[in-house]
Amino acid sequence: QVQLVESGGGLVQTGESTRLACAASGGTFSSYDMGWFRQAPGKEREFVAAITWTGGTTAYADSVKGRFTISRNNAKNTVYLQMNSLKPDDTAVYYCAAYGQLTYPRQYAYYSDSARARSWGQGTQVTVSS
């Protein structure tokens, strides 16, 4: 089973940018579809973005579309989340997730279902101050 470790985040101002990274080990990262979720205090974990193992297909939650970009570097076993134009509502713990080896891109409903993820990172805090 793949192990995931997130990094990046911290405290940023409204309108600023930051990038999260998720390093994978112990599995065949290059064959896994990957995703990012987030959880704000008192709220349920919600889907943010996903990317197929080739990097050819991505999916985003409406709340981040046009502001966030998910990407991956299979040679470095790392998936990234570039976050631009940050808002206070983006404040949350961000989690990296591995869906496993999917043979073809799935629909948005698949990636947005947290139960589909097979492995999770420990999370990294992002706080956006107004």
Side-chain angles (χ1 to χ4, degrees):
Q1 188 172 1
V2 64
Q3 288 79 49
L4 306 172
V5 178
E6 301 95 336
S7 61
L11 177 64
V12 296
Q13 302 291 320
T14 296
E16 292 185 342
S17 300
T18 193
R19 189 177 76 161
L20 306 182
C22 171
S25 62
T28 313
F29 172 81
S30 60
S31 64
Y32 293 159
D33 287 17
M34 300 292 296
W36 288 94
F37 287 75
R38 67 186 182 185
Q39 188 166 18
K43 295 186 177 181
E44 294 186 354
R45 190 170 298 189
E46 65 173 2
F47 171 75
V48 175
I51 188 168
T52 55
W53 64 275
T54 64
T57 300
T58 57
Y60 296 93
D62 286 343
S63 59
V64 306
K65 198 172 295 183
R67 299 188 298 123
F68 290 10
T69 302
I70 188 170
S71 62
R72 65 190 297 157
N73 185 329
N74 286 344
K76 295 184 177 181
N77 287 353
T78 303
V79 62
Y80 304 96
L81 185 67
Q82 177 68 41
M83 304 188 292
N84 299 329
S85 303
L86 283 162
K87 307 174 182 179
D89 285 348
D90 295 318
T91 296
V93 177
Y94 284 73
Y95 297 91
C96 177
Y99 294 96
Q101 295 174 306
L102 304 179
T103 57
Y104 58 90
R106 304 305 169 90
Q107 297 297 316
Y108 178 92
Y110 183 97
Y111 293 115
S112 63
D113 182 358
S114 62
R116 296 291 188 178
R118 297 189 176 186
S119 299
W120 293 92
Q122 83 288 352
T124 186
Q125 176 72 46
V126 175
T127 302
V128 184
S129 63
S130 58

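Note: hydrogens, waters and symmetry copies are ignored here, and every other heavy atom, side chains too, is used.
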Under 4.5 Å between side-chain heavy atoms, counting indirect links through other Ile/Leu/Val/Met/Phe/Trp/Tyr residues: same cluster for Tyr111 and Trp53 or not?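 No, separate clusters.
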
Residues in side-chain contact (heavy atoms from CB on, under 4.5 Å) contact with Ser112, at least two apart in sequence or another chain: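 Applying side-chain contact (heavy atoms from CB on, under 4.5 Å) to Ser112 gives Phe47, Tyr108.
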
Just how far is it from atom OH of Tyr32 to atom CG of Leu4, taken to the nearest 0.5 Å?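 Rounded to the nearest 0.5 Å, the OH-CG separation comes out at 9.5 Å.
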
Gln101: partners by side-chain hydrogen bond (donor to acceptor under 3.5 Å, both in side chains), with sequence neighbours left out: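 Residues passing side-chain hydrogen bond (donor to acceptor under 3.5 Å, both in side chains) with Gln101: Ser31.
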
Do Tyr95 and Leu20 sit in one hydrophobic cluster, given that two such residues count as connected whenever their side-chain heavy atoms are within less than 4.5 Å of each other, even indirectly?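 In one cluster with Tyr95: Leu20, no.
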
Of all heavy-atom pairs between Val126 and Gly9, which one has the smallest distance, and what is that distance?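 Distance-wise, the nearest heavy atoms are CG2-CA, 3.8 Å.
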
Please tell me if the side chains of Ser129 and Thr127 come closer than 4.5 Å, counting only heavy atoms from C-beta onward.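 The answer is no; the side chains never approach within 4.5 Å.
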
Please round to the nearest 0.5 Å and tell me the distance separating atom CZ of Phe29 and atom OG1 of Thr78.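 Between atom CZ of Phe29 and atom OG1 of Thr78 there are 6.0 Å.
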
Roughly how far apart are Asp33 CG and Thr54 OG1, rounded to 0.5 Å?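 Here the interatomic distance stands at 8.0 Å.
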
Salt bridge (Lys or Arg N to Asp or Glu O under 4.0 Å) partners of residues 40-62, not counting sequence neighbours, each pair once: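 Checked against salt bridge (Lys or Arg N to Asp or Glu O under 4.0 Å) - neighbours excluded - the pairs reaching residues 40-62 are Arg38-Glu46, Asp62-Lys65.
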
Show me the pairs that pass disulfide (SG to SG under 2.5 Å) and involve residues 3-111, at least two apart or across chains.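 Applying disulfide (SG to SG under 2.5 Å) to every pair that reaches into residues 3-111, excluding sequence neighbours, yields Cys22-Cys96.
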
Restricting to ring-ring contact (aromatic ring centres under 6.0 Å, His included), what partner residues turn up for Tyr94, sequence neighbours left out?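 Partners of Tyr94 by the ring-ring contact (aromatic ring centres under 6.0 Å, His included) criterion come out as none, since no residue qualifies.
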
Working to the nearest 0.5 Å, report the span between OH of Tyr80 and CZ of Arg72.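 Rounded to the nearest 0.5 Å, the OH-CZ separation comes to 11.0 Å.
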
So, using side-chain contact (heavy atoms from CB on, under 4.5 Å) as the criterion, who are the partners of Ser130 when residues are at least two apart?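 Applying side-chain contact (heavy atoms from CB on, under 4.5 Å) to Ser130 gives Thr14, Pro88.
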
Got a sec, which pairs hit salt bridge (Lys or Arg N to Asp or Glu O under 4.0 Å) with one end in residues 6-20, sequence neighbours left out?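 Found none.
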
Minimum heavy-atom separation for Gly26 to Gln3, with atom names?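 Looking at all heavy atoms of both residues, the closest pair is CA-OE1, 3.7 Å.
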
Just verifying a value: how many Å separate Leu81 CG and Thr18 OG1, rounded to the nearest 0.5 Å?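 The OG1 atom of Thr18 is 9.5 Å from CG of Leu81, to the nearest 0.5 Å.
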
Find out if a path of hydrophobic residues (ILVMFWY) with successive side-chain heavy-atom gaps under 4.5 Å connects Ile51 to Val2.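 Per the 4.5 Å side-chain linkage, Ile51 and Val2 are co-clustered.
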
Could you note down all residue pairs passing salt bridge (Lys or Arg N to Asp or Glu O under 4.0 Å) where residues 120-130 supplies at least one of them, sequence neighbours left out?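 Not a single pair qualifies under salt bridge (Lys or Arg N to Asp or Glu O under 4.0 Å).
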
Aromatic rings Tyr99 and Phe37: how do their planes relate, parallel, tilted or perpendicular, breaks at 30° and 60°?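 The rings of Tyr99 and Phe37 sit tilted, inter-plane angle from 30° to 60°.
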
Calculate, to the nearest 0.5 Å, the distance between atoms CD1 and OH belonging to Ile70 and Tyr60 respectively.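 It is 6.5 Å, given to the nearest 0.5 Å.
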
So, using side-chain contact (heavy atoms from CB on, under 4.5 Å) as the criterion, who are the partners of Ser7 when residues are at least two apart?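 Result, side-chain contact (heavy atoms from CB on, under 4.5 Å) vs Ser7: Ala21.
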
Test: salt bridge (Lys or Arg N to Asp or Glu O under 4.0 Å). Region: residues 93-119. Which pairs qualify, not counting sequence neighbours?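 Listed once each, the pairs would be none.
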
Hydrophobic cluster membership, with links at side-chain heavy-atom distances under 4.5 Å among I/L/V/M/F/W/Y: are Met83 and Val64 in one?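 Result: yes, single cluster for both.
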
Who pairs with Ser71 by side-chain hydrogen bond (donor to acceptor under 3.5 Å, both in side chains), at least two apart in sequence or on another chain?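 Listed in chain order: nothing, the list is empty.
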
Which atoms form the tightest heavy-atom contact between Gln125 and Ala92, and what is the distance?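 Minimum heavy-atom contact is NE2-O, 3.4 Å.
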
Do the side chains of Trp36 and Val12 join up, straight or via other hydrophobic residues, at under 4.5 Å, putting them in one cluster?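 Trp36 clusters together with Val12.
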
So, using side-chain contact (heavy atoms from CB on, under 4.5 Å) as the criterion, who are the partners of Ser17 when residues are at least two apart?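 By the side-chain contact (heavy atoms from CB on, under 4.5 Å) rule, Ser17 matches Gln82, Asn84.
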
Write down the atom of Leu86, the atom of Arg67, and the distance for their closest heavy-atom approach.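 Closest approach of Leu86 to Arg67, heavy atoms only: CA-NH1, 3.9 Å.
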
